[in-house]
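Remember, predicted model here, so these are calculated numbers, not experimental data.
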Amino acid sequence: MDLKKPQDCSSAGDIRDEIDKIDKQIIVLFSERHKYIEEIVRFKQDEESIEARDRKEQVIEQRKEWAENHGLDAEVFKEIYTLLIESNIKHELKILKSKTTNNQHV
């Protein structure tokens with residue numbers, strides 16, 4: 001991804017264009033991450049393994065620390081990852097339910 005440095009932007013429009021490029025790449029990365037979320041259900045057998053409370057807390061705390069280490073608001077990223085992981089859990093549960101339903105019909 002070819003980005004101008006923030007200080008090299010000559011207008012608010014330039015800055016917005018660069019932010020749009022970054023946001024598009026973030027979405028691409030979230031999409032790639034989502035593919036892994038869908039695949040991990042192959043290795044999980046029940047709701048407890050999907051919820052993986054210890055792992056959830058570990059990931060949230062680690063991302064919070066990473067954000068802070070990069071000069072970002074750690075609490076904001078804690079909220080973002082909490083929302084993301086809760087959404088992933090719901091999606092995984094839906095996949096597990098579908099997998100269980102399909103296995104019962106076989």
Side-chain angles (χ1 to χ4, degrees):
M1 177 170 50
D2 229 6
L3 290 174
K4 291 182 184 178
K5 292 183 179 180
Q7 63 272 21
D8 293 339
C9 293
S10 58
S11 68
D14 278 354
I15 290 174
R16 289 182 184 119
D17 289 344
E18 299 308 300
I19 289 170
D20 288 348
K21 289 177 191 176
I22 292 168
D23 287 347
K24 184 175 183 181
Q25 193 61 35
I26 290 169
I27 296 298
V28 167
L29 290 171
F30 273 124
S31 174
E32 192 65 26
R33 185 183 194 280
H34 189 75
K35 292 173 189 173
Y36 287 95
I37 295 303
E38 290 184 332
E39 286 301 317
I40 200 166
V41 178
R42 290 187 296 139
F43 305 101
K44 297 182 176 184
Q45 304 304 318
D46 54 29
E47 287 184 28
E48 187 176 327
S49 63
I50 286 177
E51 291 176 3
R53 288 185 179 95
D54 290 343
R55 172 68 178 156
K56 176 183 174 182
E57 292 307 315
Q58 174 194 20
V59 169
I60 290 168
E61 286 305 310
Q62 187 177 53
R63 286 5 175 224
K64 182 179 164 183
E65 185 179 311
W66 290 350
E68 189 171 38
N69 290 343
H70 284 87
L72 299 169
D73 186 329
E75 289 303 314
V76 168
F77 281 85
K78 178 180 179 179
E79 289 179 37
I80 289 169
Y81 273 89
T82 298
L83 180 62
L84 177 65
I85 291 169
E86 288 173 359
S87 174
N88 291 341
I89 289 169
K90 286 179 187 174
H91 187 65
E92 287 178 45
L93 288 170
K94 197 183 309 182
I95 293 170
L96 179 67
K97 184 177 179 180
S98 173
K99 184 170 86 170
T100 304
T101 302
N102 288 340
N103 286 341
Q104 289 175 355
H105 294 284
V106 173

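A donor-acceptor contact shorter than 3.5 Å links the side chain of D14 to the backbone of S10. Panel note: side chain S98, backbone K94; no donor-acceptor pair is recorded below 3.5 Å. Between the S31 side chain and the I27 main chain, no donor and acceptor come within less than 3.5 Å of each other.
Between E18 and K5 no salt bridge is recorded (no basic side-chain N to carboxylate O distance below 4.0 Å).
The distance from atom CG of L96 to atom OG of S49, rounded to the nearest 0.5 Å, is 7.0 Å. Note: K64 NZ to T82 OG1 = 9.5 Å, rounded to the nearest 0.5 Å. Going from atom NZ of K97 over to atom NZ of K99 covers 15.0 Å, rounded to the nearest 0.5 Å. Rounded to the nearest 0.5 angstrom, L84 CG and I89 CD1 are separated by 10.0 Å. Separation of atoms CD (Q25) and CG (D23) is listed at 10.5 Å; rounding is to 0.5 Å. A distance of 12.5 Å separates CG in L29 from NZ in K24, rounded to the nearest 0.5 Å.
Applying the side-chain contact (heavy atoms from CB on, under 4.5 Å) rule to D73 yields the partners E75, V76; only residues at least two apart in sequence or on another chain are considered. Residues satisfying the side-chain contact (heavy atoms from CB on, under 4.5 Å) test with E47, not counting sequence neighbours, are E51, L93. Legend: residues meeting side-chain contact (heavy atoms from CB on, under 4.5 Å) with E32, ordered by chain and number and at least two apart, are K35, Y36. Considering only residues two or more places apart in sequence or on other chains, I37 meets the side-chain contact (heavy atoms from CB on, under 4.5 Å) condition with R33, N88, E92.
The hydrophobic cluster containing I15 also includes I19, under a criterion of side-chain heavy atoms closer than 4.5 Å among ILVMFWY residues, counted directly or through chains of members.
Closest of all the heavy-atom pairs between A74 and A67 is CA-CB, 4.4 Å. Here the shortest heavy-atom pairing between R42 and Q45 reads O-NE2, 3.9 Å.
The number of heavy atoms from other shown groups lying within 6.0 Å of CG (D54) does not exceed 12.
Sequence neighbours left out, the pairs with a member in residues 59-101 that pass ring pair (Phe, Tyr, Trp, His ring centres under 6.0 Å) are H34-H91.
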Can you check salt bridge (Lys or Arg N to Asp or Glu O under 4.0 Å) on E86 and K56, steps first, answer last? CA-CA 9 Å; E86 288 173 359; K56 176 183 174 182; 3.5 Å; yes
